[in-house]
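In what follows, a single structure is set out as structure tokens and then discussed.
Every heavy atom of this structure was used, including side-chain atoms; hydrogens, water molecules and symmetry mates were not. Each residue takes its place number in the sequence, starting with 1.
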Amino acid sequence: MLKLKKILYIYPGKKSSFISKDIEIIGLSNAITDVSFSLSKKHLIVVNLLKQFIFFAFQIKHFDLIIIKFGGYWSLIPVFFAKYFRKKSIIITGGTDCVSFPEINYGNFNKLFMSVFTKYSFQFTDHIIFLHLSMWESNYKYSNFSNKKQGLKTYIPNLKTNYTVVSNGYSSEKWKKNKNKIGKSFLTVGTNLENEKNRLLKGIDLILNIAPQFPQAQFTIIGAKPDSFNLLPANVCLIASVNHDEIINYYSQAEFYLQLSLSEGFPNSLCEAMLCECVPIVSDVASMPYIIGDSGFVLAQKNINQLKTIIEQAISIDTKKLGQLARQRIAQNFSEEKRAEELRKVITDLLN
């Protein structure tokens, strides 16, 4: 009988549904253990790193492969121990770990100590999984930021670690429209949007500026308390949070989904919304134009007049047909089955 490989899966913070799905996929043919590295209290990072060091000093011998979700503080000690004890390691990138935007103080490579941990993590690991090739190298033109080159190739120019592109995967059975669309309705989803930096990052400022120009439309923002914004336009609705299993109702009713972020990796909400037949309107950032293909609209630059033109075009077309095309785009190109197959192949090739 073939002996199961023992795999340790490490992730920062809380276990999301997507991390749970990865663990399920990998665990079907391997013995897998998962561990969270807490980042909720920044002043305890050193303490947590010490705990992580002690954990690996005693436990590394029990595992054949270490998989780390995202590069950062939590990834260096695991890949160091894996390298020293001749185990294998993989880092799955997220997006933040591949960029630097000083103007908004965003990205691992914009922070001194985080950039050092991230750099050596990617250099020591045996393999990198990118969600999209833009995380390796991309030209940034969307906003007038100083860093026009993004991706690990820019910030670690001597990086020689092997890599594979494995996109996120989504269930077309779970994510499908269950309600009628509301005409001229726009939706965007974020987290902790009470924070001004997060609002800027997710393009909420653009939504608040464009909404008054389309008073007949309804804009819904999920991820912010109703009283967290000042001078909210009359046609903008704020919702603090929605259960992951209930958000499908909002996707189903929205005619359009807005993802006007300054930076992104491979946004899950965008893909879920498209499976629910929302017509996507996205910023020209990283993976998003590739994700939507010809099923939506791309805002080439952060410009309110350009956004107005796009929305005028969007509300005048056959959105039913385009929404169905959006669903087809995700179902055919970014399925759970495809991600599972590609993820298992990377692991098998590395361990054999």
Side-chain angles (χ1 to χ4, degrees), residues 12-13 39 42 45 69-76 91-123 128 130-159 163 165 168 188-210 221 223-224 258-270 281-292 298-304 306-307:
L39 287 178
K42 302 295 184 182
I45 285 179
K69 189 75 170 178
F70 316 137
Y73 287 125
W74 54 91
S75 59
L76 183 56
I91 298 177
I92 303 174
T93 61
T96 310
D97 48 1
C98 304
V99 300
S100 173
F101 295 103
E103 290 85 351
I104 56 172
N105 190 29
Y106 182 77
N108 286 23
F109 290 98
N110 187 58
K111 302 161 187 174
L112 178 59
F113 291 111
M114 177 68 92
S115 67
V116 172
F117 275 75
T118 304
K119 174 183 176 181
Y120 287 107
S121 294
F122 284 121
Q123 288 184 326
I128 301 169
F130 292 115
L131 299 179
H132 184 252
L133 200 56
S134 60
M135 297 178 191
W136 168 244
E137 181 182 21
S138 66
N139 295 315
Y140 189 88
K141 301 177 182 178
Y142 176 64
S143 189
N144 190 29
F145 289 150
S146 56
N147 292 345
K148 301 301 183 184
K149 293 283 188 179
Q150 297 292 341
L152 290 189
K153 185 177 180 180
T154 298
Y155 299 108
I156 319 176
N158 60 340
L159 183 64
Y163 66 83
V165 176
N168 281 341
T188 192
V189 177
T191 56
N192 192 24
L193 296 179
E194 291 86 3
N195 182 290
E196 185 176 355
K197 175 183 171 181
N198 288 346
R199 292 202 298 270
L200 182 64
L201 178 65
K202 293 299 181 181
I204 304 302
D205 55 326
L206 274 179
I207 296 173
L208 297 180
N209 286 331
I210 200 66
I221 300 171
L258 293 168
Q259 190 81 51
L260 305 177
S261 309
L262 291 170
S263 180
E264 279 291 350
F266 201 101
N268 294 317
S269 294
L270 170 64
I281 301 175
V282 304
S283 51
D284 188 5
V285 169
S287 64
M288 292 195 291
Y290 168 71
I291 289 173
I292 73 169
V298 177
L299 180 62
Q301 292 183 314
K302 186 178 180 181
N303 181 287
I304 195 70
Q306 289 184 22
L307 179 59

- Query: Considering all heavy atoms of both residues, which atom of Ser283 and which atom of Met288 are nearest to each other, and what is their separation?
  - Reply: OG-CE, 3.1 Å
- Task: Over all heavy atoms of both residues, which pair between Ser115 and Leu112 is shortest? Give the atoms and the distance, please.
- Result: OG-O, 2.6 Å
- Message: If you define the side chain from C-beta out and look only at heavy atoms, does anything of Val99 sit under 4.5 Å from Tyr140?
- Response: no
- Check whether any side-chain heavy atom of Asn195 sits under 4.5 Å from a side-chain heavy atom of Leu201, and report yes or no. no
- Query: How long is the span from the CD1 atom in Ile207 to the CG atom in Leu307, to the nearest 0.5 Å?
  - Reply: 8.5 Å
- Going through the distances and angles, do Ile292 and Leu270 end up as a side chain to side chain contact (heavy atoms under 4.5 Å, CB included)? CA-CA 9 Å; Ile292 73 169; Leu270 170 64; 4.2 Å; yes
- Between Phe70 and Asp97, which heavy-atom pair has the shortest distance, and what is it? CA-OD2, 3.4 Å
- Query: If you look at every heavy atom in Lys202 and Ser261, which pair is closest and at what distance?
  - Reply: CD-OG, 3.7 Å
- Message: Can you confirm whether Lys153 sits close enough to Leu159 that some side-chain heavy atom of one is under 4.5 Å from a side-chain heavy atom of the other?
- Response: no
- Message: How long is the straight-line distance from CG of Leu200 back to CG of Leu262, given to the nearest 0.5 Å?
- Response: 5.0 Å
- Item | Flag if over 12 foreign heavy atoms under 6.0 Å of CD, Gln306 | yes
- Would you call the rings of Tyr155 and Phe109 parallel, tilted or perpendicular, where under 30° means parallel and over 60° means perpendicular? parallel
- How long is the span from the NZ atom in Lys69 to the CD1 atom in Ile91, to the nearest 0.5 Å? 12.5 Å
- Hey, does Ser75 have a side-chain heavy atom less than 4.5 Å from the side chain of Thr118? no
- Going by atom types alone, do Ser287 and Glu264 pair a side-chain donor with an acceptor below 3.5 Å? no
- Message: I'd like to know whether NZ of Lys141 has more than 12 heavy-atom contacts from other residues, nucleotides or ligands below 6.0 angstrom.
- Response: no
- Query: Is any side-chain heavy atom of Asn147 less than 4.5 Å from a side-chain heavy atom of Thr154?
  - Reply: no
- Note on the structure: For Val165 and Leu131, the nearest pair of non-hydrogen atoms, with its separation, is CG1-O, 4.0 Å
- Angle class for the Tyr163/Phe130 ring planes (parallel below 30°, perpendicular above 60°, tilted otherwise)? perpendicular
- Query: Is the closest side-chain heavy-atom distance between Phe122 and Thr93 below 4.5 Å?
  - Reply: yes
- Message: Distance check, rounded to the nearest 0.5 Å: Leu260 atom CG versus Ile210 atom CD1?
- Response: 9.5 Å
- Query: Are the side chains of Asn105 and Asn110 in touch, meaning some heavy atoms are under 4.5 Å apart?
  - Reply: yes
- Determine yes or no for a side-chain-to-main-chain donor-acceptor pair under 3.5 angstrom, with Glu103 supplying the side chain and Ser146 the backbone. yes
- Task: Taking atom OH of Tyr120 as the centre, report whether more than 12 heavy atoms of other residues, nucleotides or ligands fall under 6.0 Å from it.
- Result: no
- Can you find a pair of side-chain heavy atoms, one from Tyr73 and one from Phe113, that are under 4.5 Å apart? yes
- Task: Find the distance between CG (Leu206) and CG (Leu299) and round it off to the nearest 0.5 Å.
- Result: 7.0 Å
- Nearest heavy-atom approach of Ala286 to His132 is O-CE1, 4.0 Å
- In Å, rounded to the nearest 0.5 Å, how long is the span from CD of Gln301 to CG of Asn144? 9.0 Å
- Under 3.5 Å, is there a donor-acceptor pair between the side chain of Asn192 and the main chain of Asn198? no
